[in-house]
Amino acid sequence: MKANRRLAGALPAVLAPLAACGIALGGLTTWVGTGNAGSPARIDVVPGRVYLPLGDDRDTTAYFEVANSGGSVDRLTGASSPSARGEITLTRHRGTDAGAAYREEISSAAVPAGSAMTMSPHGVSLTLRPKTRWRAGDMVPMTLHFEHGGRIRTVAVVVGRGSAAG
(Lines give C-alpha, C1' and ligand atoms only; values in the text may rest on other atoms or scores of the structure.)
Protein backbone atom coordinates (compact mmCIF):
# COMPACT_ATOMS: atom_id res chain seq x y z
CA MET A 1 0.00 0.00 0.00
CA LYS A 2 2.80 2.42 0.89
CA ALA A 3 4.37 1.87 -2.53
CA ASN A 4 1.07 2.67 -4.23
CA ARG A 5 0.75 5.91 -2.26
CA ARG A 6 4.29 6.95 -3.19
CA LEU A 7 3.56 6.15 -6.84
CA ALA A 8 0.30 8.11 -6.72
CA GLY A 9 2.11 11.07 -5.13
CA ALA A 10 4.84 11.04 -7.78
CA LEU A 11 2.41 10.72 -10.68
CA PRO A 12 1.60 14.49 -10.96
CA ALA A 13 5.31 15.31 -10.86
CA VAL A 14 5.88 12.97 -13.80
CA LEU A 15 2.74 13.83 -15.80
CA ALA A 16 3.31 17.62 -15.85
CA PRO A 17 6.64 17.44 -17.74
CA LEU A 18 5.26 14.68 -19.99
CA ALA A 19 2.27 16.86 -20.90
CA ALA A 20 4.53 19.86 -21.57
CA CYS A 21 6.73 17.73 -23.84
CA GLY A 22 3.66 16.47 -25.70
CA ILE A 23 2.39 20.00 -26.30
CA ALA A 24 5.84 21.16 -27.46
CA LEU A 25 6.16 18.18 -29.80
CA GLY A 26 2.72 18.90 -31.25
CA GLY A 27 3.68 22.53 -31.89
CA LEU A 28 6.96 21.57 -33.53
CA THR A 29 5.18 18.99 -35.71
CA THR A 30 2.75 21.66 -36.89
CA TRP A 31 5.58 24.13 -37.56
CA VAL A 32 7.53 21.56 -39.60
CA GLY A 33 4.38 20.39 -41.39
CA THR A 34 3.61 23.90 -42.64
CA GLY A 35 7.09 24.11 -44.18
CA ASN A 36 8.35 26.95 -42.00
CA ALA A 37 10.84 25.11 -39.82
CA GLY A 38 14.27 26.35 -40.71
CA SER A 39 13.38 27.41 -44.23
CA PRO A 40 15.69 30.22 -45.33
CA ALA A 41 14.59 33.68 -46.33
CA ARG A 42 13.59 33.93 -50.02
CA ILE A 43 13.87 37.54 -51.12
CA ASP A 44 12.22 39.07 -54.20
CA VAL A 45 12.53 42.74 -55.11
CA VAL A 46 10.02 44.59 -57.27
CA PRO A 47 11.65 47.18 -59.56
CA GLY A 48 11.49 50.46 -57.69
CA ARG A 49 11.41 54.17 -58.20
CA VAL A 50 13.88 56.94 -57.47
CA TYR A 51 12.86 60.58 -57.28
CA LEU A 52 14.29 63.08 -59.73
CA PRO A 53 16.70 65.19 -57.65
CA LEU A 54 15.74 68.81 -57.05
CA GLY A 55 18.54 70.85 -58.64
CA ASP A 56 22.08 69.77 -59.44
CA ASP A 57 24.24 67.67 -57.14
CA ARG A 58 21.45 66.87 -54.71
CA ASP A 59 20.64 63.76 -52.70
CA THR A 60 17.46 61.93 -53.54
CA THR A 61 15.65 58.80 -52.39
CA ALA A 62 14.85 55.40 -53.86
CA TYR A 63 12.05 53.04 -52.83
CA PHE A 64 11.47 49.33 -53.39
CA GLU A 65 9.05 46.64 -52.29
CA VAL A 66 10.94 43.69 -50.84
CA ALA A 67 9.07 40.40 -50.32
CA ASN A 68 10.27 37.48 -48.22
CA SER A 69 8.44 34.23 -49.04
CA GLY A 70 10.78 32.20 -46.80
CA GLY A 71 10.41 31.08 -43.23
CA SER A 72 13.20 33.21 -41.72
CA VAL A 73 13.58 36.95 -41.30
CA ASP A 74 16.21 38.71 -43.42
CA ARG A 75 17.60 42.23 -43.21
CA LEU A 76 18.30 44.82 -45.89
CA THR A 77 21.74 46.14 -44.99
CA GLY A 78 22.49 48.55 -47.84
CA ALA A 79 22.67 49.11 -51.58
CA SER A 80 25.05 50.08 -54.36
CA SER A 81 24.73 51.49 -57.87
CA PRO A 82 27.15 52.44 -60.62
CA SER A 83 24.91 55.47 -61.21
CA ALA A 84 25.34 56.85 -57.70
CA ARG A 85 28.16 59.04 -56.42
CA GLY A 86 29.55 57.83 -53.11
CA GLU A 87 27.79 55.59 -50.64
CA ILE A 88 24.07 54.84 -50.72
CA THR A 89 22.68 55.04 -47.19
CA LEU A 90 19.75 53.24 -45.68
CA THR A 91 17.55 55.79 -43.91
CA ARG A 92 14.33 55.99 -41.93
CA HIS A 93 12.11 59.05 -41.98
CA ARG A 94 11.10 60.37 -38.57
CA GLY A 95 9.02 63.21 -37.22
CA THR A 96 9.55 65.51 -34.26
CA ASP A 97 6.96 66.54 -31.69
CA ALA A 98 6.86 69.94 -33.43
CA GLY A 99 5.83 68.29 -36.72
CA ALA A 100 9.16 68.63 -38.52
CA ALA A 101 10.51 65.67 -40.51
CA TYR A 102 14.06 64.40 -40.76
CA ARG A 103 16.01 61.36 -41.99
CA GLU A 104 18.22 59.23 -39.81
CA GLU A 105 20.74 56.71 -41.08
CA ILE A 106 20.05 53.11 -40.01
CA SER A 107 22.23 50.02 -40.29
CA SER A 108 19.51 47.64 -41.51
CA ALA A 109 15.78 47.11 -41.99
CA ALA A 110 13.95 43.86 -41.25
CA VAL A 111 12.12 41.94 -43.98
CA PRO A 112 9.81 39.64 -41.97
CA ALA A 113 9.38 35.98 -42.86
CA GLY A 114 6.34 35.39 -45.07
CA SER A 115 5.77 39.11 -45.48
CA ALA A 116 7.05 42.23 -47.23
CA MET A 117 8.70 45.54 -46.48
CA THR A 118 7.44 48.44 -48.57
CA MET A 119 9.80 51.41 -48.61
CA SER A 120 8.11 54.82 -48.61
CA PRO A 121 8.71 58.53 -47.99
CA HIS A 122 7.22 57.95 -44.52
CA GLY A 123 9.43 54.98 -43.57
CA VAL A 124 12.54 53.27 -44.88
CA SER A 125 14.31 54.50 -48.02
CA LEU A 126 17.68 54.55 -49.75
CA THR A 127 19.39 57.94 -49.96
CA LEU A 128 21.76 58.49 -52.88
CA ARG A 129 23.35 61.15 -55.05
CA PRO A 130 23.37 60.71 -58.85
CA LYS A 131 26.68 60.77 -60.73
CA THR A 132 25.10 62.40 -63.77
CA ARG A 133 21.96 64.38 -64.47
CA TRP A 134 18.90 62.10 -64.56
CA ARG A 135 15.69 62.62 -66.49
CA ALA A 136 12.25 61.20 -65.73
CA GLY A 137 12.04 57.71 -67.21
CA ASP A 138 15.76 56.89 -66.84
CA MET A 139 16.48 53.44 -65.41
CA VAL A 140 18.96 53.33 -62.51
CA PRO A 141 20.62 49.93 -61.93
CA MET A 142 20.85 49.05 -58.24
CA THR A 143 22.01 46.14 -56.12
CA LEU A 144 20.32 45.63 -52.76
CA HIS A 145 22.40 43.92 -50.07
CA PHE A 146 20.77 41.46 -47.64
CA GLU A 147 22.17 39.82 -44.53
CA HIS A 148 21.19 36.30 -45.61
CA GLY A 149 19.85 36.69 -49.16
CA GLY A 150 23.07 38.16 -50.54
CA ARG A 151 22.99 40.75 -53.30
CA ILE A 152 19.98 41.18 -55.55
CA ARG A 153 20.20 43.25 -58.72
CA THR A 154 17.23 45.35 -59.73
CA VAL A 155 16.39 48.72 -61.30
CA ALA A 156 14.61 51.88 -60.25
CA VAL A 157 12.85 54.19 -62.68
CA VAL A 158 13.42 57.92 -62.22
CA VAL A 159 10.13 59.71 -61.49
CA GLY A 160 9.31 63.35 -60.93
CA ARG A 161 8.08 64.36 -57.50
CA GLY A 162 4.32 64.45 -57.41
CA SER A 163 3.93 62.12 -60.43
CA ALA A 164 1.48 59.23 -60.28
CA ALA A 165 4.40 56.80 -60.01
CA GLY A 166 6.05 58.81 -57.23
Side-chain angles (χ1 to χ4, degrees), residues 27-166:
L28 286 171
T29 302
T30 302
W31 187 44
V32 169
T34 59
N36 289 325
S39 67
R42 286 191 295 273
I43 301 296
D44 292 304
V45 178
V46 175
R49 68 189 189 285
V50 60
Y51 282 134
L52 191 61
L54 297 174
D56 292 333
D57 238 15
R58 292 288 187 97
D59 289 345
T60 190
T61 49
Y63 306 97
F64 294 90
E65 183 167 326
V66 181
N68 180 357
S69 60
S72 300
V73 69
D74 204 345
R75 300 191 74 76
L76 175 64
T77 58
S80 56
S81 173
S83 298
R85 180 182 307 148
E87 184 180 359
I88 296 175
T89 57
L90 189 58
T91 54
R92 180 178 309 279
H93 297 261
R94 299 281 189 190
T96 65
D97 291 338
Y102 67 97
R103 281 190 308 238
E104 68 179 352
E105 189 172 329
I106 57 175
S107 60
S108 66
V111 185
S115 190
M117 174 189 62
T118 302
M119 299 170 129
S120 76
H122 307 289
V124 174
S125 66
L126 295 167
T127 301
L128 66 152
R129 183 170 288 190
K131 275 187 181 175
T132 61
R133 191 172 195 73
W134 291 340
R135 293 186 306 267
D138 286 350
M139 301 301 276
V140 178
M142 299 198 64
T143 302
L144 302 186
H145 307 199
F146 293 90
E147 186 174 65
H148 302 292
R151 296 171 182 244
I152 298 178
R153 291 181 181 186
T154 188
V155 295
V157 65
V158 177
V159 297
R161 295 177 189 271
S163 71

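- In this structure, the separation between CE on Met117 and CD on Glu65 is 9.5 Å, given to the nearest 0.5 Å.
- In plain terms, the two heavy atoms of Pro112 and Val73 that are nearest each other are CA-CG2, 4.0 Å.
- A distance of 12.0 Å separates CZ of Arg153 from CG of Leu144, quoted to the nearest 0.5 Å.
- Taken from NE2 in His145 to OG in Ser108, the straight-line distance is 14.0 Å, to the nearest 0.5 Å.
- The backbone N or O of Arg42 sits less than 3.5 Å from a side-chain atom of Asn68, completing a donor-acceptor pair.
- The shortest non-hydrogen separation linking Arg151 to Ser80 is NH1-OG, 4.5 Å.
- The line from OG1 of Thr154 to CG of Asp44 is 10.5 Å long, rounded to the nearest 0.5 Å.
- Side-chain atoms of Asp74 do not come within 3.5 Å of backbone N or O of Ala41 as any donor-acceptor pair.
- Leu128 is not listed as a side-chain neighbour of Pro130, based on a closest heavy-atom distance of 4.5 Å or more.
- Atom OG1 of residue Thr77 and atom NE2 of residue His148 lie 10.0 Å apart, to the nearest 0.5 angstrom.
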Evaluation steps, side-chain contact (heavy atoms from CB on, under 4.5 Å), between Phe64 and Leu76: CA-CA 11 Å; Phe64 294 90; Leu76 175 64; over 6 Å; no
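- Scanning both residues, Ser39 and Ser72, for their nearest heavy atoms gives O-OG, 2.7 Å.
- Going from atom CZ of Arg85 over to atom CG of Asp59 covers 10.0 Å, rounded to the nearest 0.5 Å.
- With a 4.5 Å cut-off on side-chain heavy atoms, Val45 and Phe146 count as touching.
- Between Ile88 and Met142, the closest heavy-atom pair is CD1-CE, 3.7 Å.
- In terms of heavy-atom proximity, Val155 sits nearest to Pro141 at CG1-CA, 4.3 Å.
- For the pair Ala136 and Leu52, the tightest heavy-atom approach, listed with the atom from each and the gap, is N-CD1, 4.1 Å.
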Audit row: Leu126, Leu90, side-chain contact (heavy atoms from CB on, under 4.5 Å) steps and yes/no: CA-CA 5 Å; Leu126 295 167; Leu90 189 58; 3.6 Å; yes
Stepwise side-chain hydrogen bond (donor to acceptor under 3.5 Å, both in side chains) test for Thr91 and Arg103: CA-CA 6 Å; Thr91 54; Arg103 281 190 308 238; 4.7 Å; no
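- Annotation: side chain of His122 is not in contact with side chain of His93 (no heavy-atom distance under 4.5 Å).
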